[in-house]
Amino acid sequence: MNAAIRGVLNIYKGDVFAGRLHLVGTRLVLGRSPDADVVLDSDTASRQHAELATDERGRWWVRDLNSVNGTLVNNAEVRAHMLRAGDVIKIANFELRYAEARPERPVARPMPLHRTRVTITDGSGVIRALRELETPKIDASHLSNLIEFSGALLATEGEGERLRALCELMVSGTFHGTSAVVLRLKRRVLDRMEPEVLYGPLPASPVPPYISRSALRAVLSNESPVLASNTQNARQDAVEMSMMVTEMSAVVCPVGKTDTTIDLLYVTLPVRYGTAEWLALSSLAAEQFEQAQTAWVARELAQRQAVVEEELARANEIQMALVPSDFSSGGVDIGFGFEPSKWVGGDYVDAFETPDGRIFLTVMDVCGKGLQAALIATSLHTSVHLLMRQGLELAALVKTLNSHLVRTLPDDSYVTMVAAVLDPATGALECVNCGHPPPLMISPGGLSREVNAAEHVPLGFIEMDVVSAEDRLLPGHLLAAYSDGLSELENEAEAQLGSEGVARMLSELFRASRSGVVGRAAVGRSSTSLAAALRERLEGYRGQAVVGDDTSFVIAVRSAAGPTRMQTQPTFLL
């Protein structure tokens with residue numbers, strides 16, 4: 001994190017100078033409450049009217065805390081505003097004039113890209129996409145390397161450095177590439193292909209690498225990775241490509257797209273690696289590179305925004321893109337809730353279908369807030385989808401994820417999580433809880449109990465063996481997992497909702513959804529309606545209190561049409 005800008009507030013009440021405040025720490029609350037950090041003695045100021053806080057770059061912001069009369073900056077009402085020297089904050093009859101002394105910092109120089117030329121050749125061999133080959137089996141060590149690669153990309157700011165990392169991975173001892181280069185092609189020029197070399201080739205060579213025109217055309221036509229080989233004696237799961245005298249295989253994967261161009265990773269390999277497995281590994285690495293590019297481009301765009309509202313909207317859009325839309329699968333209806341406490345947050349909530357037709361659900365909470373926690377949450381999203389796509393069982397997935405976090409997380413960070421795999425046909429449930437609030441099951445009548453989950457320490461502390469516990473979601477019942485932003489939610493009297501309060505709130509809403517009403521408000525039966533109602537109840541409980549943590553949850557309701565008997569009937573507690 002950058003050092004905070006040395007900010008100063010000159011405070012005036014009307015035309016009278018009332019004092020000078022040097023901004024220290026990371027957050028100050030302004031309002032008429034005697035407990036506020038800056039007390040504004042005025043009846044028209046709210047008790048907690050606004051806050052001053054620093055972001056990840058050390059800049060000071062002012063943010064209105066849902067005050068009654070609003071907060072003005074330079075005579076314009078704002079929700080949030082990044083302060084610049086000369087800005088005037090107006091709250092009630094107070095003016096707070098902001099000044100600053102910026103610390104000097106070195107200017108980062110972009111690293112030049114490594115570029116050369118390539119030789120385009122024609123070929124007549126067979127070229128196939130991954131979907132045309134047998135389903136590959138990928139070694140766990142390769143998955144671990146890909147997870148580490150994803151984290152490294154998200155921590156690497158320069159595009160040239162990220163391109164080099166991608167090419168170096170392809171020619172490493174793990175991936176066995178003999179050369180790697182990243183090319184840019186114009187979409188509408190198919191006959192005279194003259195690709196621009198964005199990076200490479202690695203390793204550097206005085207002889208330009210040979211690139212197959214037919215392989216490039218194949219990727220341009222379907223925008224998916226392809227595999228080719230120029231040997232007639234390749235293994236059964238390999239394919240042919242006539243492009244060089246030396247027997248060789250190649251994989252070509254998209255790594256970036258615009259309306260007019262497409263960027264491609266082109267890797268040559270020894271013939272024995274011309275298989276579906278190596279195409280799958282290369283395509284996964286290419287996907288991770290694309291995701292990192294998108295994240296960095298979005299971040300750089302957000303940082304360049306001069307208008308605060310646009311910058312906040314873009315940052316929030318990036319974060320919210322990771323939250324899936326409510327959906328139904330196999331008779332299970334699933335809804336989500338996610339709200340960061342500041343501009344971005346460290347919670348990760350997800351649910352999706354697994355390759356075997358079950359449903360994976362998780363809520364994770366990265367220790368900390370802001371950009372660092374958000375980047376870790378983004379990496380978790382990528383890692384979970386990658387591991388689950390390979391068909392790992394729940395315990396193996398959590399163990400692999402923990403091993404990665406032990407090696408890569410900062411010393412002061414960790415991740416709590418609850419993760420479950422649900423069979424929608426039978427209701428069979430596997431669950432693992434690593435230092436997270438316990439998930440709940442709720443009956444149609446509103447009775448609640450904790451899910452039977454195998455308990456472990458939070459992820460990122462120590463290497464550990466992981467086991468899962470079994471339970472069952474009965475027809476017509478609800479499963480809920482949530483972050484501690486719900487149980488630790490405080491109201492204006494600083495009273496926490498608590499896990500009992502969360503269970504009570506969910507039970508009331510679910511019971512009402514089955515009957516149709518709660519008080520005067522109707523509650524729909526869908527998980528989308530339930531999620532909306534829960535968000536509204538949480539906001540009502542908080543009132544005007546300051547948001548202290550991210551809030552996230554996932555709820556799943558199994559259709560009442562299905563098996564109604566089970567060998568062991570669970571005990572529900574009020």
Side-chain angles (χ1 to χ4, degrees), residues 4-55 58-83 87-100 308-309 312 339-343 345 368-370 483-498 501-502 505 535-551:
I5 292 172
R6 297 189 295 274
V8 177
L9 284 180
N10 294 305
I11 304 173
Y12 291 81
K13 187 173 184 180
D15 295 328
V16 180
F17 179 71
R20 178 174 292 110
L21 176 68
H22 292 270
L23 302 183
V24 295
T26 58
R27 181 174 181 270
L28 299 169
V29 175
L30 297 76
R32 77 168 191 273
S33 170
D35 297 327
D37 299 299
V38 181
V39 179
L40 304 177
D41 185 14
S42 173
D43 292 339
T44 56
S46 298
R47 290 178 58 81
Q48 293 183 324
H49 195 104
E51 69 173 355
L52 298 170
T54 59
D55 62 14
R59 303 172 300 184
W60 283 96
W61 297 60
V62 61
R63 180 186 180 194
D64 186 78
L65 298 177
N66 298 317
S67 64
V68 175
N69 295 313
T71 300
L72 303 180
V73 176
N74 303 329
N75 294 320
E77 186 169 356
V78 299
R79 295 284 296 174
H81 178 88
M82 186 182 74
L83 293 173
D87 282 348
V88 178
I89 306 168
K90 188 174 177 77
I91 296 175
N93 58 338
F94 285 88
E95 281 191 0
L96 298 87
R97 302 174 186 176
Y98 178 74
E100 64 185 31
V308 141
E309 286 76 10
L312 295 179
E339 182 180 359
S341 62
K342 290 187 179 293
W343 307 287
K369 300 179 180 67
S483 69
D484 60 9
L486 275 69
S487 55
E488 296 178 3
L489 181 67
E490 293 186 351
N491 60 16
E492 296 176 37
E494 298 184 356
Q496 288 191 355
L497 179 59
V502 175
M505 194 176 285
R535 289 192 293 267
E536 184 177 349
R537 288 285 294 272
L538 292 170
E539 184 176 347
Y541 180 85
R542 178 172 62 84
Q544 296 298 315
V546 177
V547 178
D549 199 0
D550 308 330
T551 56

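Between the CH2 atom in Trp60 and the CG atom in Leu28 there is a gap of 5.0 Å [rounded to 0.5 Å]. Atom CG of Asn69 and atom NZ of Lys90 lie 11.5 Å apart (nearest 0.5 Å). Atom CD of Glu77 sits about 12.0 Å away from atom CG of Asn75, to the nearest 0.5 Å. The CG atom of Asp484 sits 9.0 Å away from the CD atom of Gln496 when rounded to the nearest 0.5 Å. Annotation: the span from Ser33 atom OG to Glu492 atom CD amounts to 11.0 Å, rounded to 0.5 Å.
The shortest side-chain heavy-atom distance between Leu30 and Ile89 does not fall under the 4.5 Å cut-off. Counting heavy atoms from C-beta outward, Arg542 and Asn66 have side chains that approach closer than 4.5 Å. For the pair Leu83/Arg59, no side-chain contact is recorded, criterion being any heavy-atom separation below 4.5 Å from C-beta on. By the 4.5 Å heavy-atom criterion applied to side chains, Gln544 and Gln48 are not counted as neighbours.
By the salt bridge (charged side-chain N to carboxylate O under 4.0 Å, His left out) test, Glu490 pairs with no residue at all, sequence neighbours left out. Every residue two or more places apart in sequence or in another chain that forms a side-chain hydrogen bond (donor to acceptor under 3.5 Å, both in side chains) with Asn74 is listed here: Asp87. Under the salt bridge (charged side-chain N to carboxylate O under 4.0 Å, His left out) criterion, Arg97 pairs with Glu95, not counting sequence neighbours.
Taking each heavy atom of Leu52 and Leu9 in turn, the nearest pair found is CD1-CD1, 3.5 Å. Tyr98 and Leu23 make their closest contact through CE1-CD1, 3.9 Å (heavy atoms, listed as atom of the first residue, atom of the second, distance). For the residue pair Thr71 and Val62, the shortest heavy atom distance occurs at CG2-CG2, 4.4 Å. Across Gly485 and Thr551, no two heavy atoms sit closer than the pair O-CG2, 3.4 Å. Residues Ala45 and Ile91 share a closest heavy-atom pair of CB-CG2, 4.3 Å. Met505 and Leu538 make their closest contact through SD-CD2, 3.8 Å (heavy atoms, listed as atom of the first residue, atom of the second, distance).
Checked options Asp64, Val68, Leu65; the residue passing with His49 is Asp64 (criterion: side-chain contact (heavy atoms from CB on, under 4.5 Å)).
Within a 6.0 Å radius of CZ in Arg32, other residues, nucleotides and ligands contribute more than 12 heavy atoms.
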